[in-house]
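Presented below is the structure to which this report refers.
Residues take their numbers from the sequence shown, with the count starting at 1.
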Amino acid sequence: MGSWGTLGPALLSLAGVALGAGGSLFGQFLVSRVSARQLEVQQSAAHRAELKDAVLKFLSIASQVEKAVLRRPSGDGAAVDPELDLLVDDLWLAQAEIDLAAGSEPLRGAAYRYAAGLAGAARGGTNDTSALRGPQARFMDAAYDDMWPGRRRATGDSPAPR
C-alpha cells in the first residue's frame, strides 16, 4: 500500500501531462484548420474581386462596341470606322484579362465566343445585336459560376440592355 501512495500521484501527474499535451496538439490542429479556411476565404474573395473588375471592364467595352455597331449606317458594313476598330482592340484586351483572371475554362470560352461575336458584328456582320444575347447570357452565367462556384444563379427574365 505504501508504494501506491508514492506511485499513484506520479502516474496521475504523468497522465495529466499527457492529457495536456494531447489537448494542446488538438487545439493547434483546430487553429491551423481555421487559419487555412480563413486563407481560402480571403483568396476566394480576392479572386472574385479581380474577376468582377475584369468582367465589368469587358462588359463596358462590349456595350460600347454594340452601341457603335448600332450607330453605324445600315448596309455599310465595309466602311472602316477607326473608333470601332479601337473599341474592338480594347475588347480583345479585356477578353485576355478575363482569360488570365478566370478560374474556369467555361468562362474563358464564353468570353471568347462573346468577343468573337461582337468583333464579327463590328466587321460588318450585322447591325442586329440581338443575335449576341445568347453568347452574352452564357458569358454572364459562366462568370457567375466562376465567382460563386456551387451556387445557383437566380433565374428570371432580365430586361435587355439598352
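Among residue pairs with one or both ends in residues 12-21, none qualify as salt bridge (Lys or Arg N to Asp or Glu O under 4.0 Å); sequence neighbours excluded. Residues in residues 45-54 take part in these side-chain hydrogen bond (donor to acceptor under 3.5 Å, both in side chains) pairs, two or more places apart or across chains: S44-R48, H47-D146.
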field: From CA spacing to verdict: side-chain contact (heavy atoms from CB on, under 4.5 Å), L39, Q42
entry: CA-CA 5 Å; L39 179 62; Q42 289 172 347; 4.3 Å; yes
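Annotation: the span from L87 atom CG to S63 atom OG amounts to 10.0 Å, rounded to 0.5 Å. Taking CG of D145 as the reference point, atom CG of D141 lies at 6.5 Å (rounded to 0.5 Å). The CG atom of D90 sits 5.0 Å away from atom CD1 of I61, with the distance rounded to the nearest 0.5 Å. Note that CD of Q95 and CG of L100 are 9.0 Å apart. Values are rounded to the nearest 0.5 Å.
Through side-chain heavy atoms spaced under 4.5 Å, either directly or across other Ile, Leu, Val, Met, Phe, Trp or Tyr residues, V17 is tied to no other residue.
Under the side chain to side chain donor-acceptor pair (under 3.5 Å) criterion, E40 pairs with R37, sequence neighbours left out. Remark: L12 pairs with no residue by the side chain to side chain contact (heavy atoms under 4.5 Å, CB included) rule, at least two apart or across chains. Taking K57 as the reference, E97 meet the salt bridge (charged side-chain N to carboxylate O under 4.0 Å, His left out) condition, with sequence neighbours excluded.
In this structure, L51 and V55 have side chains that are in contact, with non-hydrogen atoms separated by less than 4.5 Å. Between E83 and Q64, every side-chain heavy-atom pair lies at or beyond the 4.5 Å cut-off.
Note: the hydrophobic cluster containing I98 also contains W148 (ILVMFWY, side chain heavy atoms under 4.5 Å, direct or indirect links). The cluster map of Ile, Leu, Val, Met, Phe, Trp and Tyr, joined by side-chain heavy atoms under 4.5 Å apart, puts L86 and L59 in different clusters.
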Indicate every side-chain donor-acceptor pair of residues 107-122 with a distance under 3.5 Å to a residue at least two apart or in another chain.
unit_1, atom_1, unit_2, atom_2, d
R108, NE, D99, O, 3.1
R108, NH1, S104, O, 3.4
R108, NH2, A102, O, 2.8
R113, NH1, G109, O, 3.3
Y114, OH, E66, OE2, 3.1
Y114, OH, Q136, NE2, 3.4

Under 3.5 Å, which donor-acceptor pairs link side chains of residues 20-35 to any protein atom two or more places apart or in another chain?
unit_1, atom_1, unit_2, atom_2, d
S24, OG, G20, O, 3.2
S32, OG, Q28, O, 3.4
S32, OG, F29, O, 2.8
S35, OG, V31, O, 3.0

